[in-house]
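Numbers here are sequence positions counted from 1. Values in this document were obtained by computation on a predicted structure and should not be read as measured data.
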Amino acid sequence: MMCPICRYETEEGKYCEQCGARLIIEDKAVFTAFKEQAAASEVYGVHQGSTRYRGSSQGEKEMPVYIPPDIPFHTAGRQHVEEEAVSNPYWESIKLYGQIYGDYVVKGLKHPIASASATDGSQLLNATVSMLLYVLFLPLLGYVTLSFDGAILQKGAFVHLVLKPMGWLALFLFLLNVFTFTAVKLSNYPGVKLKEVMARFGTFLTPFLALLVISPLFLFINSDITTVILILSFVTTVITIPVLVMNSYKRKKTGGLDPLYAILLVYAASLLVLAVIWDIFTRYLTTSL
């Protein structure tokens, strides 16, 4: 196919590979293309194109062929760039998800119990993001608090006090979800699914995540307040969220495990895991620092 602007032999396509001009269009959208080129000619001050009919064999309907106007090279290139300069789809997706997650957080802060009770497995992604942020902020803010207090931190302390604890905290949080799921399944709701329990767990986690976010503000008043907030956020997460998740389900099973014993099993399993993790972590710090 020959470009009508620069006479460059190019492969079939929408634009010329040499100058970027629109090529001859032969389809049902010919009049749409004509309007676009006509608008361009009015803006840039060039003459409009024309429409002729291609000769066809006997018995066949003639097809209209639109020949674009003689747009200068710089104008054609600019028109091509403007049409191709669309928004980055990945960036648009990130902005859209940011709005969705922001709405999820606002609802979780305003009405955590009502929001969590209406949450199903479709909110698992939002809940997972909240749990990942919680895992990220808690060790990081602990490290910042130690640094702010003037504690002497050796080389590599960031890895030992932040990155490693993130892994252990993520493991513990996942196990806490599993323990809560088991308790709900044995006592209240036998048909419950793990992803739904995790979605509700993440919704209830929103206020405690907000505590972590605002805790650095108290560093300038008294760093002890920040330390108390960090400890309070973690302890209340372990103690209250499993109970709240269990209470968000109406009991559909008779003769199952009593909810009191179910939650006590969650606490016992959680404390056992915490003890093991703490023992491993303290031994690791002893040998590394």
Worksheet item: Do Leu125 and Tyr97 pass the side-chain contact (heavy atoms from CB on, under 4.5 Å) test, and can you show the C-alpha distance, the side-chain angles, and the key distance before you say yes or no?
Response: CA-CA 10 Å; Leu125 178 59; Tyr97 177 71; 3.8 Å; yes

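- Ring geometry, Phe281 versus Trp278: the interplanar angle falls from 30° to 60°, so the pair is classed tilted.
- With rounding to the nearest 0.5 angstrom, the CG atom of Asn177 is 10.5 Å from the OG1 atom of Thr182.
- Rounded to the nearest 0.5 angstrom, Leu217 CG and Ile229 CD1 are separated by 8.5 Å.
- A heavy-atom distance below 4.5 Å is not found between the side chains of Lys107 and Lys110.
- Taking CE from Met131 and CG from Leu124, the interatomic distance works out to 6.5 Å, rounded to the nearest 0.5 Å.
- Residues Tyr267 and Leu272 have side chains not in contact (no heavy-atom distance under 4.5 Å, counting atoms from C-beta outward).
- Two different hydrophobic clusters hold Val129 and Trp91 under the rule that ILVMFWY side chains link at heavy-atom gaps under 4.5 Å.
- Applying the salt bridge (charged side-chain N to carboxylate O under 4.0 Å, His left out) rule to Asp258 yields no partners; only residues at least two apart in sequence or on another chain are considered.
- Under a hydrophobic clustering in which Ile, Leu, Val, Met, Phe, Trp and Tyr are joined whenever their side-chain heavy atoms come within less than 4.5 Å, directly or via other members, Val213 and Leu132 fall into different clusters.
- Judged purely by distance below 3.5 Å, without hydrogens or angles, the side chains of Arg200 and Ser248 pair a donor atom with an acceptor atom.
- Scanning all heavy atoms of the two residues, the minimum distance from Ala127 to Met198 falls at CB-O, 3.5 Å.
- When the side chains of ILVMFWY residues are joined at heavy-atom separations under 4.5 Å, either directly or via intervening members, Leu146 and Leu163 end up in a single hydrophobic cluster.
- Here the side chain of Thr236 pairs a donor or acceptor atom with the backbone of Ser233 at under 3.5 angstrom.
- In this pair, Phe158 and Tyr143 present their aromatic rings perpendicular. The plane angle is above 60°, beyond the 30 to 60° band.
- In this structure, CG on Leu232 lies 12.0 Å from OG1 on Thr227, to the nearest 0.5 angstrom.
- Partner Phe179 forms a side-chain contact (heavy atoms from CB on, under 4.5 Å) with one of Ile263, Val273, Leu265 and no other, that one being Val273.
- Under the 4.5 Å side-chain criterion, counting only non-hydrogen atoms from C-beta, Ser115 is not in contact with Phe204.
- Under the side-chain hydrogen bond (donor to acceptor under 3.5 Å, both in side chains) criterion, Ser270 pairs with no residue, sequence neighbours left out.
- Residues Thr180 and Pro242 come closest through the heavy atom pair OG1-CB, 3.6 Å.
- Pro139 and Leu169 get closest at one heavy-atom pair: CD-CD2, 4.1 Å.
- With hydrogens and angles ignored, the 3.5 Å screen pairs a side-chain donor or acceptor of Ser117 with a backbone N or O of Ile113.
- Distance OG1/Thr206 to NE2/His111: 13.0 Å, rounded to 0.5 Å.
- Considering only heavy atoms from C-beta on, Val243 stays 4.5 Å or farther from Ile239 through its side chain.
- Inter-residue side-chain proximity for Leu244 and Phe201 is flagged as unmet; no heavy-atom pair is nearer than 4.5 Å.
- For the pair Gln123 and Asn126, the minimum side-chain heavy-atom distance is below 4.5 Å.
- Under the 4.5 Å side-chain criterion, counting only non-hydrogen atoms from C-beta, Pro216 is in contact with Leu141.
- With 3.5 Å as the limit, one finds a donor-acceptor pair spanning the side chains of Thr203 and Tyr104.
- A continuous path of Ile, Leu, Val, Met, Phe, Trp and Tyr side chains, each step under 4.5 Å between heavy atoms, connects Leu171 with Leu133, placing both in one hydrophobic cluster.
- Aromatic rings of Phe208 and Tyr134 (six-membered ring for Trp) have centroids beyond the 6.0 Å cut-off, not under it.
- A side-chain contact (heavy atoms from CB on, under 4.5 Å) with Val184 is found for exactly one of Val192, Asn247, Leu194, namely Val192.
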Worksheet item: Where do Val266 and Leu176 land on the side-chain contact (heavy atoms from CB on, under 4.5 Å) test, with the steps shown first?
Response: CA-CA 8 Å; Val266 172; Leu176 186 59; 4.2 Å; yes

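- The two residues Val135 and Ala170 have their closest heavy-atom pair at CG2-CA, 3.8 Å.
- Proximity of a side-chain donor or acceptor of Thr282 to a complementary backbone N or O of Asp279 within less than 3.5 Å is detected.
- Looking only at side-chain heavy atoms (C-beta outward), Phe218 and Ile221 come within less than 4.5 Å of each other.
- Judged purely by atom type and a 3.5 angstrom limit, Lys185 uses its side chain to pair as donor or acceptor with the backbone of Pro190.
- Judged by distance alone, with hydrogens and angles left aside, the side-chain atoms of Ser223 form no donor-acceptor pair with the main-chain N or O of Leu219 at under 3.5 Å.
- Closest of all the heavy-atom pairs between Ser130 and Gly202 is CB-O, 4.1 Å.
- Met166 is connected to Ile280 through a chain of hydrophobic side-chain contacts under 4.5 Å among Ile, Leu, Val, Met, Phe, Trp and Tyr, so both are in one cluster.
- Within the 3.5 Å criterion, the main-chain N or O of Ser215 finds a donor-acceptor partner in the side chain of Thr226.
- Between Lys193 and Glu196 there is no salt bridge, since no side-chain N of the basic residue sits under 4.0 Å from a carboxylate O of the acidic one.
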